[in-house]
S.K.: 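The structure under discussion is supplied below as C-alpha cells; questions concerning it will follow.
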Amino acid sequence: MTIVSDAEDNVDGALPLPRQSFKPPGVMRVALRMWRTRIGLIITAALVFLAFFGRYFAPYGENQGIGVAMQPSDSPKIHEKSLFGSGELGRDIWTRFLYGGRPILISAFLATLLALVLGTIIGLIAAYNRGKLDDVLMRAMDIILAFPQIILALVVIAMFGATNVLIIMAVGVSTTPRIARVVRGSAVSVVERDFVAASEALGEPRWRILKDELLPNITAPLLVEANLRLTFSIGVIAGIAFLGFTADPLSANWGLMIDQHRSGLLGDQPWGTTLPVIAIALLTIGTGLIGDGLSRAAAGVDRQRGDA
Amino acid sequence: MSPSAAATTKSTAASTINAVTIKDLRIVVDSSGEDIVDEVNLAIAPGEVLGLVGESGSGKTTVGLSVLGHARRGVRLAGGSVHIGDSSMLELDDKQLRAARGHLVSYVPQDPSTSLNPALRIETQLMEVMEFHGFGESNEARRERAVEVMGEVLLPGTRQFMRRYPHQLSGGQQQRVGLAMAFACRPSVIVLDEPTTGLDVSTQAHVLTTIRQLTSVHKVAALYVTHDLAVVANLADRVAVMYAGRIVEQGPTRTIFDDPQHPYTRYLTAAAPDISGDHTIVGLRGRAPSPGKRPVGCAFALRCELAIAECHEVFPAVTEVAVGHTVRCYRAGDVPDRTLAKGVQFGSSSTEGIALALRNVCCSYTGLQVVHDIDFEVHQGECVALVGESGSGKTTLSRSIGGLHRDWTGDIILNGSPMERSSRDRPTAQRLSIQYVFQNPYSSLHPRRSVGESVARPLRVAGVGKHEAQRTVGEMLEKVSLNASYAQLYPDQLSGGERQRVAIARSLVSRPSVLICDEVTSALDVLVQAAVIELLLQLQRDLGLAMLFVTHNLPLVRSLAQNVVVMADGKIVEFGPTDHVLAHPTEEYTKRLLADTPSITQALTSGTLASKPRRAISPE
Amino acid sequence: MSNRWGLMKFIGRRLFLGVLTLFIVSIFIFAATQALPSDAAQSVLGRNANPERVAVLREKLGLDKPLLNQYFHWLWGLVRGDPGRSMSNDVPILDFISARVVSSLFLLTLASAISIPLSLLIGAVQARRRDKTFDQISSFSMLALASIPEFVIGVILVITFATVQWKLLPAVAQFGTDRAWQHLDQMVLPTATLVLGAVPYISRVTRAALIEVLDSDYVEMARLKGAPERTVLWRHALPNSLGPVFQVIALNIAYFAGGVIVVEYLFNYPGIGGALKDAVGIRNIPVIQFLVMILATVYVLVNLIADVATILVTPRLRTRVS
C-alpha cells in the first residue's frame with residue numbers, strides 16, 4: 001500500500017518515527033511546576049502536620065489546668081511553665097492550639113469530599129441528560145443555593161444540635177450545588193464533542209460514558225473547584241465553631257479558641273486568639289495558593305489542547 | 001479625524017501605479033522573536049484583486065492585518081514596510097493609524113457573527129465608521145451614504161432593516177454588513193480575510209460577485225486572503241502562494257493555475273477538487289513547520305520529492321520566470337512525479353447486495369419534522385455521497401442512521417435487518433457493523449486516551465481479548481498508513497490529518513460493512529484532505545465497504561462517489577450516478593447549486609463566476 | 001409591541017420561579033422544625049418541665065393543630081408581614097427584629113456601596129493592564145484575601161487597629177438604641193471586613209468578564225475601523241460586559257447575606273446576623289424561621305433583578321424572548 005507519499009506528517013522536528021509517547025500532562029503536574037503551587041503545598045503540609053501530629057508534642061493534656069485563666073506566659077499566677085500563657089479556663093494556650101486544628105481539618109475535608117462526590121454525580125448527570133432531568137436537578141441546586149452556606153448549617157444545628165456528622169453533612173450539602181454547577185458547566189461542552197458520540201454509537205452504557213468519557217476531561221476545573229471549596233469549607237467550619245457551635249465544647253478547636261480569647265486582645269494575653277488566627281490564615285492562604293496554581297495550570301492545559 | 005497625513009495622501013494614491021506596496025515584511029512572535037512571516041513582497045494596483053493563498057498557519061491573515069498596521073496580541077511587526085499611497089503604515093503613530101483604518105484601508109473579517117458587535121444596531125456600526133473619519137459633511141449626508149452603500153452590497157437600506165441587531169440577520173447578510181462597513185468611506189485598499197468561509201455556496205457566490213463589482217467600479221485594491229483555490233480562480237487577477245510564512249510563488253491567476261512553477265503550487269492545484277475537469281485529486285501528507293521550527297533552507301523541502309541538497313541549506317531567492325511571475329525554488333518548473341500520477345480512481349458502480357437501505361425515513365428535532373420521507377440505498381462496495389447545504393438535514397439523517405439521533409420514524413435496514421432507533425437498543429453485532437467517522441478530528445478523539453486505546457475501543461465492545469486487540473490495532477494503524485508505534489501516542493501529538501487517520505482506523509477496526517463519513521475532511525487543509533480521501537477510497541475498495549459520504553462540498557463528491565443524493569430542506573432533490581447528476585442536473589435546485597459552486601477549470605476556460613451576469617438577488 | 005409583551009412574559013416566568021423557590025424553601029424550613037426530637041414547646045420549657053405547662057404552651061403555639069394547618073398559618077403570617085411571636089420572651093418578632101433589619105441593611109448597603117465600585121475598578125484596571133505589575137501584585141494580594149475566612153480577616157483587623165498598641169477604632173459596636181449611622185466610627189471595621197472579603201472574589205470575576213470582551217473579534221474590528229480608544233471601551237466593550245457585571249453584583253450581595261452572621265457576631269453588631277446566632281443558641285424556632293426566610297428572599301430577589309437586568313442590556317436575549 002503506497003497510496004501516500006513517504007513524507008512524514010511530523011516535519012516539525014524533521015525526525016521520523018518513533019516519536020516518544022507523551023501523555024498530556026495532568027493539571028496537577030503542570031501546577032507543580034509553578035512556585036506558587038509549591039509554596040502553597042509547603043505551607044499547607046506544615047499546617048496539616050501541625051494539626052494532626054502537634055498534639056503528640058503538646059506539653060500538657062488537652063484539658064489540663066495550669067493556673068489562673070488568661071495569664072501571659074510570664075505571669076506568676078500560673079504555676080507551670082507555659083510558652084504562651086493560659087487560656088480562658090486556665091488551660092495552656094500552646095497545648096490547646098496544638099490540639100485545636102484537627103477537628104476543623106477533618107470536618108472540612110470530609111464535607112468537601114461529600115460535596116465532591118454528590119456534586120460530580122449530579123453535575124455529570126445533568127450535563128449528559130439535557131432537558132427535563134437537567135432542569136429539575138439544577139433547579140433543586142438553585143434552591144439549596146438560596147441558603148447562604150453558614151445559615152444552612154445553623155438551621156440544621158438549631159434543629160438537631162451540633163454534632164460533627166450533622167455539621168459535615170450541612171456544609172457538604174450546601175457545597176454540593178456549587179460543585180455541581182461547575183461540573184455541569186464544563187461537562188456540557190465535553191458532551192458536545194464527537195468522541196462522546198463515538199462511544200454512544202458503540203452503545204456504551206450511560207454510566208460508562210459519564211465515567212470514562214466525561215469525567216477524565218473535566219478533572220482540571222473539578223480539581224480547581226474542589227480546592228476552592230476546601231478553602232471555603234475550612235472557613236465555614238471554623239466560622240461555625242467561632243459562633244460557638246461545636247460538638248464538644250470542652251475539646252480544643254481553633255475557631256472556638258478565637259472567640260473564647262477575644263477579651264485577651266484588649267488586655268495583655270492576645271495569644272489565645274492570635275495563634276489560631278495565624279494558623280487559619282496561613283492554612284487557607286496555602287490551599288488558596290495551590291488552587292491558584294491549579295487554575296493557572298488548568299487554563300494553560302485547556303489552551304494547549306486547543307479545541308480547533 | 002483631522003485631515004491627517006493619511007487622508008491627504010489619499011487623493012494622490014490614484015496617480016501612483018500601486019495602491020499598496022509591501023516590502024520585505026517581517027512579522028515575529030513578540031516573546032521569542034521567531035518569524036511568523038518573512039521576506040514578503042507584494043503590490044496591488046487600484047482595482048486589482050490579489051489572492052493570497054495558503055494553508056492554515058501559513059501567516060496569510062497576519063500579512064493581511066499588517067496592511068492595516070495591526071498585529072494581534074503576542075505578535076510584532078518587526079521589519080519591512082507597508083506603503084499605501086504616501087502613508088507608511090508601519091510608521092504611523094496611533095492617531096494617524098486610527099485615521100487610516102476604515103478610511104484609507106479597511107478590513108472585512110472572516111467570521112461576521114463574532115466580528116459584529118452583538119450589542120449595537122447595524123445602523124450604529126455602519127454610521128460610526130463614517131463618524132470616526134469625518135466622512136460626509138453632516139449626519140444626513142452620512143445617512144444617505146449609509147443607504148447607498150447598503151444598496152451597493154445588495155441589502156435593503158430601510159430604516160427598519162438598519163435598526164436590526166446582528167443576530168437578527170443571516171450569515172450572508174452579516175457578511176454584507178461587514179462589506180458595507182468596509183466600503184462606506186470609499187477606501188483605496190481593502191483586506192478581505194476569508195470572508196466567505198462558513199457561508200453556503202449560493203451566498204458565497206453572491207458575496208463574491210459583490211466584492212468583484214465594488215472593487216472594479218470604485219478602483220479599490222483588494223487583498224483577498226483565503227485557502228480556497230476555486231474562489232481565487234474566480235475572483236483574483238493575480239495570486240500569491242504562501243507557505244510557512246514566505247511567498248513561494250506569485251503571478252497572474254491564469255499562469256498560476258495553468259503553469260505552476262513551484263512544487264507546492266503544483267501539489268495545491270492537484271489536490272483541489274474541481275466540479276468540472278479532472279476527477280482525481282492527489283494528496284500530500286504532512287504539515288508546514290510552525291514558527292520557531294522552520295528549517296534554514298526551504299520550508300517545503302521536507303515534504304518535497306524534488307528537494308536537492310541545496311534546498312536544505314539556503315532558502316532559494318526570488319526568480320522571475322516570466323513577466324510578473326516569480327517563484328522561489330531551485331527546481332522551478334520541474335514537475336513532481338506524484339502530481340502526474342492519476343491518484344486513486346474510484347471503482348465503477350456496484351450491483352452487489354444492498355448494504356444499507358432507507359425507507360420512508362423522517363427525522364424530527366424537538367418535535368419538528370426536519371427530514372421527510374427519505375428513500376435510498378447503498379450497495380456493498382459503493383460510495384454514495386449525501387450532499388446538501390447547511391440546514392438541509394443531511395447531518396440529522398446521517399446521525400439517525402448511526403443511532404446517534406433517536407427521534408426518527410421509518411425503516412433503516414442494515415444488511416437485510418431493520419435497525420432500532422438508538423444505538424443502545426441495537427445488538428452489538430449491528431452496532432459494530434455500521435461505523436461513523438466524525439467531522440472534526442480534534443473533537444472525535446478522547447484527549448487523554450492513547451491512540452491505541454481509542455482504536456481498541458470497538459474491539460473491547462466486541463469482547464476481543466486484550467492481546468489480540470493490540471495486534472489488530474497495530475495492523476489497522478498500518479492500513480491507514482500510520483505506523484504501529486503510533487498506538488502509544490496521544491492525540492495532542494498528532495496533526496489534523498493523522499488524527500483523522502486514527503479516527504478512520506477506529507471505525508474500521510471492527511470490520512464494519514457500512515461506513516458513514518460526516519464531513520470528514522472539512523476541518524483539514526486541502527492537501528491533507530486529498531490524502532485522506534485517497535486513503536478512504538483505497539480502503540473502501542480493499543475492504544468492499546459500503547460508504548455514505550456526507551458533505552456540503554460538491555466538487556469533492558466528483559472525486560469519490562458513484563452515486564449522489566442531493567438534499568435540500570429535508571427532502572431528496574435528486575438522486576443518481578454522480579457524473580450524470582453533476583453533468584446533467586434535472587432539478588432547478590441542483591442546477592443552481594452547481595452554478596454557484598466555484599470551479600477552477602470553468603473560471604479559466606469560460607470566464608469567472610464573479611464576472612458572470614447574475615440573476616437578481618433574492619432577499620435572504 | 002410583541003417584543004415588550006414577550007419580555008413581560010419572561011419577567012413573569014422568572015418571578016413565578018422565584019416565588020416557587022421561596023415556597024419550596026419555606027416548606028423545607030417548616031419541615032425542618034417538625035423533625036425536632038422534642039417539639040417546640042418542650043424545648044422551650046426544658047426536658048423536665050411540668051407536662052401541663054407544656055400542653056398549655058402547645059395550645060398557645062397552635063402545635064396541637066394538624067401540620068398542614070400550622071404550616072399555612074405560619075406562611076400566611078409571613079405573607080401578611082406577621083411572623084408571629086418570639087418563643088423566648090413572648091414578644092412579637094417584628095418588635096425586636098425590625099430595628100435589627102434596618103441596621104443590617106445599613107451595613108449591607110454601606111459594604112456594597114464600597115465593594116462594588118471598588119471591585120469593578122480593580123477588575124477593570126487588571127483587565128486593561130493584563131499581566132503587568134499592577135495585575136500581578138493585586139491578583140496576588142487578592143488571592144490571599146480571598147482565601148482567608150471573613151471572621152479571621154475581621155479578627156486580624158481588630159488586632160491591627162483596635163487593640164492596645166494602636167487603638168484607632170472601636171473593636172465592638174455599641175450603639176444601644178441609637179441608629180447605626182449615628183456611630184460611623186463603629187461601622188468602619190465591620191464594613192471593612194465585609195468589603196475585604198468580597199472585593200477579591202468580585203474583582204476576579206470582573207477581570208475575567210472584561211478580558212473576554214476585550215479579546216473579542218468585535219473589539220478588534222472596532223479598532224480596525226479606526227475607532228478611538230474611548231469609543232472602543234465605552235461603546236463596544238462596556239455594553240457587552242454589563243450582563244456579567246450584573247451577575248457579579250448579585251453574587252456580591254448574596255455573599256454578604258452569609259458573611260453578615262459572623263461579622264455581626266464578631267463586632268457585636270446589633271443586626272439580624274447576631275439575632276440569628278442567638279436564636280440558634282436557644283432554639284428560638286419562629287425567629288430562625290423568619291430570619292432564614294428573609295435571607296432567602298434577599299437572595300432570590302437579587303438574582304431575579306440581576307437576571308432581568310442582564311436580559312434588558314443584551315439585545316440577543318431581549319429579542320429572543322419575544
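Each chain gets a letter, A, B and so on, in the order its sequence line appears, and its residues count up from 1.
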S.K.: Is it the side chain or the backbone of Ala279(C) that comes within 4.5 Å of chain A heavy atoms, both, or neither?
M.R.: neither
S.K.: Which distance, rounded to the nearest 0.5 Å, do you find between the CZ of Arg36(A) and the CG of Leu143(C)?
M.R.: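 With rounding to 0.5 Å, CZ (Arg36(A)) is 7.5 Å from CG (Leu143(C)).
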S.K.: Is there a side-chain contact between Asp142(A) and Thr21(C) in this structure, where contact means two heavy atoms from C-beta onward sitting under 4.5 Å apart?
M.R.: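 A side-chain contact under 4.5 Å is absent here.
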S.K.: Please report the interatomic distance OG(Ser147(C)) to CG(Leu230(A)), rounded to the nearest 0.5 Å.
M.R.: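 Answer rounded to 0.5 Å: 11.0 Å.
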S.K.: Counting only heavy atoms not in Arg102(A) (residues, nucleotides, ligands), do more than 12 fall under 6.0 Å from its CZ?
M.R.: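 Result for CZ/Arg102(A): enclosed.
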S.K.: Return the minimal non-hydrogen interatomic distance between Ile151(A) and Ala257(C), and the atom names on each side.
M.R.: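 Shortest heavy-atom separation between Ile151(A) and Ala257(C) comes out as CD1-O, 3.8 Å.
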S.K.: If you count heavy-atom pairs within less than 4.5 Å of chain C, which of Gly286(A), Gly255(A), Ala238(A) leads?
M.R.: Ala238(A)
S.K.: Can you name the nearest heavy-atom pair linking Lys277(C) to Phe245(A), along with the distance?
M.R.: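 Looks like O-CZ, 3.8 Å.
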S.K.: So for Ile258(A), is it side chain, backbone, both, or neither that comes closer than 4.5 Å to the heavy atoms of chain C?
M.R.: side chain
S.K.: So which part of Ile150(A) gets closer than 4.5 Å to some heavy atom of chain C, the side chain, the backbone, both or neither?
M.R.: side chain
S.K.: Atom OG1 of Thr273(A) and atom CD1 of Ile156(C): how far apart are they, to the nearest 0.5 Å?
M.R.: 11.5 Å
S.K.: Could you tell me which non-hydrogen atom of Pro148(A) sits nearest to which non-hydrogen atom of Gly258(C), and how far apart they are?
M.R.: CB-CA, 3.5 Å
S.K.: Quick check for you: to the nearest 0.5 Å, what is the distance between Asp278(C) atom CG and Leu243(A) atom CG?
M.R.: 10.0 Å
S.K.: Just so I know, are the side chains of Val155(A) and Phe28(C) near enough to count as touching, which here means a heavy-atom distance under 4.5 Å?
M.R.: no
S.K.: Should the ring pair Phe242(A) and Phe151(C) be called parallel, tilted or perpendicular, given that the plane angle runs from 0 to 90° and is split at 30 and 60?
M.R.: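 Correct class here is parallel.
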S.K.: Do Leu154(A) and Ile261(C) pass the side-chain contact (heavy atoms from CB on, under 4.5 Å) test, and can you show the C-alpha distance, the side-chain angles, and the key distance before you say yes or no?
M.R.: CA-CA 10 Å; Leu154(A) 288 187; Ile261(C) 312 265; 3.9 Å; yes
S.K.: Locate the shortest heavy-atom distance separating Gly239(A) from Val262(C); write the atom from each residue and the value.
M.R.: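 Scanning both residues, the minimum pair turns out to be O-CG1, 4.1 Å.
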S.K.: Give me the atom names and distance for the closest heavy-atom approach of Arg283(C) to Met159(A).
M.R.: NH2-O, 3.9 Å
S.K.: Using a 4.5 angstrom heavy-atom cutoff, name the option from Leu266(C), Leu291(C), Leu276(C) with the most pairs to chain A.
M.R.: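 Top count of heavy-atom pairs under 4.5 Å with chain A: Leu266(C).
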S.K.: As an exercise, state the distance from CD1 of Ile148(C) to CD1 of Ile285(A), rounded to the nearest 0.5 Å.
M.R.: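 Reported to 0.5 Å precision, the distance equals 4.0 Å.
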S.K.: Where does Ile278(A) contact chain C at under 4.5 Å (heavy atoms): side chain, backbone, both or neither?
M.R.: neither
S.K.: Mark yes when over 12 heavy atoms from residues, nucleotides or ligands other than Met169(A) sit less than 6.0 Å from its CE; otherwise mark no.
M.R.: no
S.K.: Which region of Leu283(A), side chain (C-beta onward) or backbone (N, CA, C, O), has a non-hydrogen atom less than 4.5 Å from a non-hydrogen atom of chain C, or is it both or neither?
M.R.: neither
S.K.: Is the shortest side-chain heavy-atom distance between Ile29(C) and Phe147(A) below 4.5 Å?
M.R.: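 Contact flag for Ile29(C)/Phe147(A) side chains = yes.
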S.K.: Would you compute the distance between atom CZ of Arg262(A) and atom CG of Asn268(C) and round it to the nearest 0.5 angstrom?
M.R.: 7.5 Å
S.K.: Below 4.5 Å from any heavy atom of chain A, which atoms of Leu17(C) appear? Answer side chain, backbone, both or neither.
M.R.: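 Side chain of Leu17(C) only, per the 4.5 Å heavy-atom cut-off to chain A.
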S.K.: State, yes or no, whether a side-chain contact exists between Ile159(C) and Pro270(A) at a heavy-atom distance under 4.5 Å.
M.R.: no
